[in-house]
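As structure tokens, the structure follows; a few thoughts come after it.
It should be emphasised that the depicted structure is a prediction, and the values quoted were computed from it without experimental measurement. Both backbone and side-chain heavy atoms feed into the values below; hydrogens, waters and symmetry mates do not.
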Amino acid sequence: MSLEDMETETLGKALSCRSSVLTRRGITLRVLLKDKLIEPGEGNLSIHYLGKKFIGDLLADGKIKWQETSQVFNSPSAWATHCKKLVNPAKKSGCGWASVRYKGQKLDQYKTTWLKKHQPNSQVTENLASEGEDEEAGEEDDDDGKEVKGQGLDGTLGKKSEERNKKLPAKQLQETNSSDVRQSQKTEGKLRTPVRYSTLGSRDSGRDPRTLVEVTSFSAVNKFQPFNVAVSSNVLLLVDFHCHLTTSEVVGYLGGRWDTNTQLLTVLRAFPCRTRLGDKESASTVEEEICQNIFMRGLSLVGWYHSHPFSHAVPSLQDTDAQMDYQLKLQGSNNNFQPCLALICSPYFHGNPSIESKMAPFWVMPPPEQRPNDYGIPMEVEMTQVQDGFLTNDVLHEMMLLIEFYKGAPDLVQFKNNWNQEKSYLDKIKGSLASKIPKDQGVLQVLEQIYNLLSNIR
């Protein structure tokens, strides 16, 4: 007998023998649909988990279609487990009937209503499991049903929803940081002091989203970093160069490859966004160009970078929320873990004793399940710099395009001016890029030409 036949037989027994006690597999969405306690429809199912919201359609056959990817799941448990693993890869099961809501109300409440109606003399338990799932004790979802609003990540390119999942649109990356830019320009001389994550507590709408948060090491929470990171020196050189050009925040993409066998994330290419933060019109064009470049080079989108021109290279609360959203988006529709790397570059923070910019990669760990309304935990990521043998034409071309883009801008750094009492801004960028310059000595002459351009642009 097939599983489908077994389920049909179980359904028939459930409907014909109202006075008998149902087995754990007895109550399914098909049962509730048959008795018209619920109805099929688009967007009438939802999951709220650790600040994230998932929307699904209830199909006439009792299955669930996730709107984000059009995947179809056979049960609430299957859908809940899939979605929760995207947010928290360590999640073992989904507690579907206690997690999935039908029109805002948890499914297990409809199950209880059905039992009270058809088995009034039996003992009804609120958390009776269905469809063979074992509900976990202590499972915590976002019970207030409020979605913690992150940054939108619906890509504008590609017809397939799976492809949309693999994008971090430039427009949203820019919107994420545009308020930070405006504030940093106003408070350029005011130093924001990072706070410890342990002092944050639950989410507070009154808290400044620009609050900087110290990163936490994996060893401090008795965990291992779940993936290794290797970054090309050309990537770091281009990111650092981009961040030095302007007193405003900048943003860009990271392209590379993820090896599931070795758990190694290799970052091979940086793609600067040559557009102003908050410029929605040009953002879509920039996104399309970058996504095409990534695809044509046979790479995958593996992360993003942005700058904190004058402050600590640690994430703000807004950065942390955005990164959590991007991690979820890059996860895609399969259950395989895939990391998304965030990189912050701080070129002109005077608290940094080195002339070299501070580069800080981070990743966000979901808050504990028993505290779903807490902020995500920004985790310090260890990365290895792989020294390139030469400077590619792509990198040189990008550097020239960036110079052209910022030429004449009011926030362009004047490289002839003094950075401190001893060094000019030109000395500063030269000193910062020195450790990232490829071994090929012939590149020095090319870079000198670029430095000459910097010293003369206005």
Quick check on the 6.0 Å ring-centre criterion: do [X] and [Y] meet it?
X: Tyr102; Y: Tyr110; result: yes
X: Tyr348; Y: Tyr425; result: yes
X: Phe349; Y: His308; result: no

Any residue meeting side chain to side chain donor-acceptor pair (under 3.5 Å) with Thr320, in chain and number order, not counting sequence neighbours: none
Parallel, tilted or perpendicular, as decided by the 30° and 60° cut-offs, for the rings of Phe73 and Trp79: tilted
Aromatic plane relationship, Tyr406 with His242 - under 30° parallel, 30 to 60° tilted, over 60° perpendicular: tilted
Heavy-atom neighbours of Asn393 CG exceed 12 at 6.0 Å: no
Test log, rule salt bridge (Lys or Arg N to Asp or Glu O under 4.0 Å), inputs Arg203 and Asp321: CA-CA 11 Å; Arg203 290 181 177 273; Asp321 282 344; 2.8 Å; yes
Return yes if a side-chain donor-acceptor contact under 3.5 Å exists between [X] and [Y], otherwise no.
X: His306; Y: Asp319; answer: yes
X: Asn228; Y: Gln263; answer: no
X: Ser217; Y: Ser219; answer: yes
X: Ser424; Y: Asp427; answer: yes
X: Asp240; Y: Ser432; answer: yes
X: Glu356; Y: Ser435; answer: yes

Evaluation steps, side-chain contact (heavy atoms from CB on, under 4.5 Å), between Cys273 and Ile290: CA-CA 8 Å; Cys273 292; Ile290 291 177; 3.9 Å; yes
Set of ring-ring contact (aromatic ring centres under 6.0 Å, His included) partners for Phe54, sequence neighbours left out: Trp66
Residues which pass ring-ring contact (aromatic ring centres under 6.0 Å, His included) with Phe405, listed by chain and number, not counting sequence neighbours: none
Quick check for you: to the nearest 0.5 Å, what is the distance between [X] atom [atom1] and [Y] atom [atom2]?
X: Thr247; Y: Asp411; atom1: OG1; atom2: CG; answer: 4.5 Å
X: Cys345; Y: His244; atom1: SG; atom2: NE2; answer: 7.0 Å
X: Ser316; Y: Gln323; atom1: OG; atom2: CD; answer: 11.5 Å
X: Ser232; Y: Leu254; atom1: OG; atom2: CG; answer: 11.0 Å
X: Asp259; Y: Leu265; atom1: CG; atom2: CG; answer: 10.0 Å
X: Leu453; Y: Ile403; atom1: CG; atom2: CD1; answer: 5.0 Å

Sole candidate of Leu237, Leu238, Ile437 that passes side chain to side chain contact (heavy atoms under 4.5 Å, CB included) when paired with Leu391: Leu237
Val267: which of Leu341, Leu343, Val386, Leu299 passes side chain to side chain contact (heavy atoms under 4.5 Å, CB included): Leu341
Evaluation steps, side-chain contact (heavy atoms from CB on, under 4.5 Å), between Gln385 and Leu236: CA-CA 8 Å; Gln385 176 178 325; Leu236 298 177; 3.4 Å; yes
Minimal non-hydrogen separation, Ala80 against Val100, with atom names: CB-CG2, 4.4 Å
Heavy-atom closest contact (Lys84 atom, Ser99 atom, distance): NZ-OG, 2.7 Å
Check ion pair [X]-[Y] (N to O, under 4.0 angstrom):
X: Asp108; Y: Lys106; answer: no
X: Asp388; Y: Lys436; answer: no
X: Lys329; Y: Glu68; answer: yes
X: Arg274; Y: Glu398; answer: yes

Test log, rule side-chain contact (heavy atoms from CB on, under 4.5 Å), inputs Glu380 and Phe362: CA-CA 5 Å; Glu380 180 182 12; Phe362 75 97; over 6 Å; no
side-chain contact (heavy atoms from CB on, under 4.5 Å) evaluation trace for Trp304 with Val251: CA-CA 7 Å; Trp304 63 297; Val251 68; 4.0 Å; yes
Geometric cation-pi criterion, Arg297 with Phe295: 6.0 Å, 45°: no
